[in-house]
Amino acid sequence: MTETGRIIVVSAPSGAGKSTLLGMVRRELLHLSVTVSATTRPPRPGEVEAKDYYFTSREQFLEDITAGRFAEWAEVHGHLYGTHKSEIERRLLAGGTVVLELDVQGMRSIKRLYPQMCSIFIVPPDLETLKKRLVLRGVNTPTDMEVRLKNARNEMAAIAEFDHCVVNDDLDVAAKALVKIIEGSAFSEDACGIKLK
Ligand code: ADP
Ligand code: 5GP
C-alpha cells in the first residue's frame, strides 16, 4: 500500500478543550481528515452517529478486537474506545493530514505503528480550571467527573512523551498555536505552544 498522508495524534485530559479547539482548527485547515472512533460510551445530547463516534455495543466492539479490525483500542473512563484500521488507511491513501483524537494509551499504540507521527498534548492552565470546564460542559455525573479528574492527573504525567504541548488558557491563542504546529509540524515557539522534543 502506498500511504502518502501524515499522522497527527492529539490528546488531552477530558475537559481540557480538545474538541472545542479541534473544531476551531478544522474550520481553518480544511485539508484535515479527522478519524471517527468507535466507542461503547452512550451518545451525549447532540452527538451524531458516524460524525462524533461510531456508537457500538460491547459485543460488536469485542468482535472487532478479535477480528483484528482496530489499529488501537483502549478502555478510558470505564468505556471502550478504538480506531479501526480502515479509518486511518483510507485517509492516509487520500493523502491528507490525518488527525486522531486519542487518550495517552492510544497515542502510544499509534506511535508503535507509525513512528513518524507527530503528537500534541493539550493541557488546561491548571486542574482547578479543568474541574470548572467539566462542570461547565455539564454532561458528566459527579462520579464520572471524579474519574475524569483522577485520570487527568495520571495523563498529565505522560506529557514528556509528546512532541508538542499546547496550554489551553485563552481559546483563540491556543487554537492559533495548534494551527501552527499542525500546519508545519514544524515548530514555532509562542505564548502557549511548547516544543517538547
Ligand atoms: P474535551 O474535548 O477536551 O473533553 P471540551 O472541548 O468539551 O473538552 O471543553 C470542555 C468545556 O470547556 C466546554 O464547555 C468548552 O466550551 C470549555 N472550554 C474549552 N476551552 C476553553 C477555554 N480556553 N476557555 C474557557 N472555556 C473553555
Ligand atoms: P469522550 O468520552 O470525552 O468523548 O472521550 C474520552 C477519552 O477517550 C478522550 O481522552 C478521547 O481522546 C479518548 N478517545 C476517543 N476516541 C478514542 C480512540 O479511538 N482510542 C483511544 N485510545 N482513545 C480515544
Side-chain angles (χ1 to χ4, degrees), residues 1-23 25-26 29 31-122 134 137 139-141 143-148 150-152 154-155 157-158 161-163 182:
M1 191 189 316
T2 314
E3 294 170 343
T4 53
R6 74 195 169 92
I7 293 193
I8 297 184
V9 173
V10 182
S11 302
S14 181
K18 171 161 56 73
S19 313
T20 308
L21 281 171
L22 278 172
V25 168
R26 285 172 82 171
L29 302 179
H31 62 280
L32 292 189
S33 183
V34 182
T35 56
V36 178
S37 299
T39 184
T40 60
R41 164 170 83 60
R44 293 177 186 144
E47 284 186 328
V48 177
E49 166 67 20
K51 180 173 168 277
D52 296 295
Y53 281 106
Y54 299 111
F55 295 100
T56 309
S57 67
R58 204 170 174 93
E59 292 70 38
Q60 179 62 56
F61 199 102
L62 295 177
E63 192 185 309
D64 285 358
I65 294 175
T66 310
R69 294 191 190 109
F70 284 117
E72 65 77 35
W73 66 272
E75 181 147 10
V76 191
H77 315 314
H79 299 288
L80 298 171
Y81 294 82
T83 314
H84 286 115
K85 288 176 182 163
S86 56
E87 275 290 309
I88 303 178
E89 285 165 5
R90 68 186 165 85
R91 288 182 159 82
L92 279 181
L93 281 172
T97 299
V98 183
V99 177
L100 294 90
E101 295 182 45
L102 307 176
D103 83 321
V104 172
Q105 305 168 77
M107 182 279 288
R108 290 180 185 135
S109 305
I110 293 298
K111 193 166 196 157
R112 279 193 290 273
L113 280 179
Y114 301 98
Q116 302 308 324
M117 66 122 190
C118 164
S119 57
I120 306 170
F121 197 48
I122 297 169
L134 283 170
R137 190 169 64 182
V139 297
N140 302 115
T141 63
T143 319
D144 206 10
M145 218 133 69
E146 277 313 307
V147 172
R148 280 161 196 266
K150 186 168 161 272
N151 288 349
N154 294 334
E155 285 177 326
E161 295 177 46
F162 287 78
D163 299 315
I182 291 174

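What you see is a predicted model, and the numbers here were worked out from it, not measured in a lab. The basis for the numbers below is simple: all heavy atoms, side chains too, and nothing from hydrogens, waters or symmetry mates.
Between the CE atom of M107 and the CZ atom of R112 there is a distance of 9.5 Å, given to the nearest 0.5 Å. Considering CG of D52 and OG1 of T39, their distance stands at 11.5 Å, rounded to 0.5 Å. Distance CD1/I182 to CD1/I120: 4.5 Å, rounded to 0.5 Å. If you take NZ on K18 and CZ on F121, they are separated by 10.0 Å, rounding to the nearest 0.5 Å. Here L80 contributes atom CG and I65 contributes atom CD1; the two are 6.0 Å apart, rounded to the nearest 0.5 Å. Note that CG of L100 and OG of S37 are 7.0 Å apart. Values are rounded to the nearest 0.5 Å.
Under the side chain to side chain contact (heavy atoms under 4.5 Å, CB included) criterion, V34 pairs with R26, V99, E101, sequence neighbours left out. The ring-ring contact (aromatic ring centres under 6.0 Å, His included) search around F61 returns F70, not counting sequence neighbours. When the side chain to side chain contact (heavy atoms under 4.5 Å, CB included) test is applied to E146, the partners found at least two apart in sequence or on another chain are L149.
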| request: Begin from the C-alpha positions of T97 and H31 and carry the test side chain to side chain contact (heavy atoms under 4.5 Å, CB included) through to its verdict. | output: CA-CA 7 Å; T97 299; H31 62 280; 3.7 Å; yes
| task | Test R69 against E63 for side chain to side chain contact (heavy atoms under 4.5 Å, CB included), laying out the working first. | result | CA-CA 9 Å; R69 294 191 190 109; E63 192 185 309; 4.2 Å; yes
| said: Applying side chain to side chain contact (heavy atoms under 4.5 Å, CB included) to D64 and W73, what does each step give before you reach the verdict? | reply: CA-CA 10 Å; D64 285 358; W73 66 272; over 6 Å; no
| request: Run the numbers on R137 and S14 for side-chain hydrogen bond (donor to acceptor under 3.5 Å, both in side chains), then give the verdict. | output: CA-CA 11 Å; R137 190 169 64 182; S14 181; 3.3 Å; yes
| task | Could you walk me through whether E161 and R108 pass side chain to side chain contact (heavy atoms under 4.5 Å, CB included), step by step? | result | CA-CA 9 Å; E161 295 177 46; R108 290 180 185 135; 2.7 Å; yes
| field | side-chain hydrogen bond (donor to acceptor under 3.5 Å, both in side chains) between Y54 and Q60, worked out | value | CA-CA 11 Å; Y54 299 111; Q60 179 62 56; over 6 Å; no
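The two atoms that bring E87 and V36 nearest to each other are OE1-N, 2.8 Å, heavy atoms only. In this structure, C118 and D163 approach most closely via the heavy-atom pair CA-OD2, 3.3 Å. The two residues D103 and A74 make their nearest non-hydrogen contact at OD1-CB, 4.0 Å. Nearest heavy atoms, E72 versus G106: OE1-CA, 3.4 Å. For A71 against I88, the heavy-atom pair with the smallest separation is CB-CD1, 3.7 Å.
Considering only heavy atoms from C-beta on, I7 stays 4.5 Å or farther from Q116 through its side chain. Here the side chains of Y81 and L102 are not in contact, with every heavy-atom distance at 4.5 Å or above.
A distance-only check finds no donor-acceptor pair linking the side chain of T56 to the backbone of T40 [under 3.5 Å]. The backbone N or O of V9 lies less than 3.5 Å from no partner atom in the side chain of K111, so there is not a single donor-acceptor pair. A donor-acceptor pair under 3.5 Å links the side-chain atoms of E49 to the main chain of F55, judged by distance alone.
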